[in-house]
Protein chains: 2
Amino acid sequence: MDKTDKKPPSQRKAQADASPAPARAKLEHVARLAKVSLATASRAINQPEIVRPEIRERVLHAVEMLDYTPDRMAKALSSGRTHTVGAVVPTLGNAIFADGVEALEARLGARGYTLILSHSQYDPAREFRQIRGMLEYGVDGLVLVGDTFAPDSLPLIRHHRTPLVTTYVCASRQGIPAIGIDNRQATHRMARYLLELGHREFAVIANTGLPNDRSQARLDGLLDAIAEEGIRLPPDRIFEAPLPSIAAGREAFRRLRAAHPGVTAFLCTTDAMAVGAVAEARREGIRVPEDVSITGFDDVEIAAETDPPLTTVKVPAAEIGAIAADRLIGIIEGGPAATIAPIAPLEAALVVRGSTGPVAGPVARKRRTRAAAA
Amino acid sequence: MDKTDKKPPSQRKAQADASPAPARAKLEHVARLAKVSLATASRAINQPEIVRPEIRERVLHAVEMLDYTPDRMAKALSSGRTHTVGAVVPTLGNAIFADGVEALEARLGARGYTLILSHSQYDPAREFRQIRGMLEYGVDGLVLVGDTFAPDSLPLIRHHRTPLVTTYVCASRQGIPAIGIDNRQATHRMARYLLELGHREFAVIANTGLPNDRSQARLDGLLDAIAEEGIRLPPDRIFEAPLPSIAAGREAFRRLRAAHPGVTAFLCTTDAMAVGAVAEARREGIRVPEDVSITGFDDVEIAAETDPPLTTVKVPAAEIGAIAADRLIGIIEGGPAATIAPIAPLEAALVVRGSTGPVAGPVARKRRTRAAAA
DNA sequence: CTGAAAGCGCTTACAG
DNA sequence: CTGAAAGCGCTTACAG
């Protein structure tokens, strides 16, 4: 049984010879047809400029004739480079990562690299295992998300000397080149916008249930901004969802609203949760934005399609993916110098749509009056 | 410059030796430490049962000591197997594929295979290029979507003798093992359900703008079912969207509704388009399901969150991904026999929610009366 | 059950 | 600019 299943090279070759389909051409065949050495054939293909034009033509012609494509494994083994890049994202279920991965793959492919993909479900231990697997695989570089990892992950990557970039954040305390937006500043601006609309009573729906530095930064941005106005956010006004799902947003809104009916602005750290919050508000007969304002983050497709459409922050996922690819390849091919070149944070535009509005007039007035009377 | 960038093996090794981090252990080191030959060390690791227990222990201990992990490229080159599987999906932007890919990757990883991922944006030519790249890469197997490919794709795969499965369909005219649902039957059932609610005036929002056999099968299922009741669907009642986006669903609904105000049932071939249709209906003040019924397909997360939530068909994406992995590995490791074993279509449950209802009483009565009078 | 040796298909210093 | 040869790190028939 075993012997039938596992075909040793010789058997495989014999079988191929016996069958009608021609065996795959090797560099050796190209060299022979072009009447040059293996070395020259290799050079004509990989560094054409250092080969005499006439000979180069002969080799390239032979390549055509034989429909030759190099064996990537052999190439990898002898060159020490796999032309492979690994990426570990929390999940593909969030469009923000799906879009980023698409762009990453597209750019990587265009530049001759293959993407190895994995997802951690926001679990650092799982992420560590994925990273280790990719390192064993021999990836030339690694793309991660955020700036929080299992304790062993970074030392392992450094031990392998594997180039690394991280994404969706614009800075790393660990010195990793980071391609993304300034999450904190983005919600700071969002909060300022809400403050200008007259909001003073806030609540946050955050997916900080699992370690998530992006969500934490977004929360901090809000906290900063309102603190500047002397407003504090009691801990019970923050709902920590484990996953950024629509259902979690629904539940969060229901609970926060029940506990704090006076809140006028609900800031969500992802669009998915904001979609749930808007849906739940509607179900409860609460008008958006007349009664409460709700904001999202990400600007995924559905954000523009809820009723009312979401005010949110645009995360340029495709741009992040493409730039991460370019940057990583720069480090892989250019050496460590490329690692330290600074990267500007990407723009995270505030997208104002219908889910936010000024605090309802009468209420606001009433409150001010009361405050004055006190 | 060139010489500084590209580190030849010797240089690389010298550098590693000079630096504090120990060079990565090779099988040779393991063998030496265990005082056995390379061959025995290899066997103790890969086929432990054929090695004497005492020696096996020695080797395994050495592996621990040296923290040895095999070089996958070397292993691939000498064994002819990469333990790598390639998948090409239309897009990751649709949750149905994102979820399937997640499950595929998880199962593949659990069984020792690495996923190479690519996306075609529904473009057969692009898909062909991705396939070719993966084949050159040496993938042990391939996972595709649907049953419609560029003319050269299948011959190329067969020439490489690379195991292949396809997904999201339950049968292939090309003899490819298929893991998925019966799309045609699913909409047939959906149509029967709508017929029972009294609907006679249908329109379809399909993403058949680009070649998409799943969408076509879904359309055909409806056509079959209503034909059985003697109802025909004029071509102008079918909107062919190029991409299954929410925006496309919106536009499709607007146009179809304007051109055919008498239509009571809008069947969409994906949830995303149905979400758009529901949103547009609401915007126009058309009540769902009182005035029109709208159905989706896929049962992605948002399907349950629209207002009203969508009646749709559940596509078990995670199951498809996991089964595809198992099946493909079965073919890879078990040989061609595994290719022809039949696969039952997966269950595609009809999920009835709030976006569908009986045809409005008065209208239905009026119509029947009129018909009787005629 | 174990070992010596060939081989997987390339790349690349090294010497011309 | 070109060629002969060693080497990348494994696996596996082959012979004991």
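All heavy atoms count here, side chains included; hydrogens, waters and symmetry mates do not.
For the 3.5 Å distance criterion, the side chains of B/Arg132 and A/Thr69 fail to qualify, holding no donor opposite an acceptor. Using modelled atom types, one finds no donor on one side chain facing an acceptor on the other under 3.5 Å when comparing B/Glu127 with B/Gln121. In this structure, a donor-acceptor pair under 3.5 Å is present between the side chains of A/Glu105 and B/Ser118. Inspection of the B/Thr84 and B/Asp140 side chains reveals no N or O donor paired with an N or O acceptor under 3.5 Å.
For the pair A/Ser42 and B/Ser37, both in contact range of DNA chain C, the more 5′-proximal nearest nucleotide belongs to B/Ser37. Nearest-nucleotide positions on DNA chain C place B/Ile55 closer to the 5' end than the other of A/Thr69 and B/Ile55. Along DNA chain D, the nucleotide nearest to B/Asp71 and the one nearest to B/Thr40 differ in position, and the one closer to the 5' end is contacted by B/Asp71.
An OP1 or OP2 oxygen of C/dC10 is reached within less than 4.0 angstrom by no side-chain nitrogen or oxygen of A/Lys26. Taking only side-chain nitrogens and oxygens, B/Arg52 comes nearer than 4.0 Å to OP1 or OP2 of C/dT2. OP1 or OP2 of C/dC10 sits under 4.0 Å from a side-chain N or O of A/Tyr68.
Put simply, CZ on A/Arg81 is 16 Å from P on D/dG9, counting in whole angstrom units. The CG-C1' distance, from A/Leu77 to D/dG7, rounds to 9 Å in whole Å. Taking atom CZ on B/Arg58 and atom P on C/dC1, their separation rounds to 15 Å, with Å as the unit. The distance between atom CG of A/Leu27 and atom P of C/dT11, rounded to the nearest whole Å, is 6 Å. Here D/dT12 presents its P atom at 7 Å from CD of B/Gln47, a figure rounded to the nearest Å.
In this structure, B/Arg72 reaches neither bases nor backbone, as no heavy-atom distance under 4.0 Å exists between it and the strands shown.
Side chain of A/Ser78, nearest nucleotide from D/dG3, D/dT11, C/dG9: C/dG9. Checking C/dT12, D/dG3, C/dC10 against every side-chain atom of A/Ser79, the shortest atom distance belongs to C/dT12. In this structure, the nucleotide among C/dG9, C/dT11, D/dT12 sitting nearest to the side chain of B/Arg43 is D/dT12.
With both pairing distances under 3.5 Å, D/dG3 is matched to C/dC14 as a Watson-Crick or G-U wobble pair.
Rounded to the nearest Å, the gap between the C1' atom of D/dT12 and that of D/dG16 is 15 Å.
A donor and an acceptor atom never sit less than 3.5 Å apart when one is taken from the side chain of A/Arg24 and the other from the base of C/dG9.
Put simply, CZ on A/Arg161 and CZ on A/Arg158 are 12.5 Å apart, with the number rounded to the nearest 0.5 Å.
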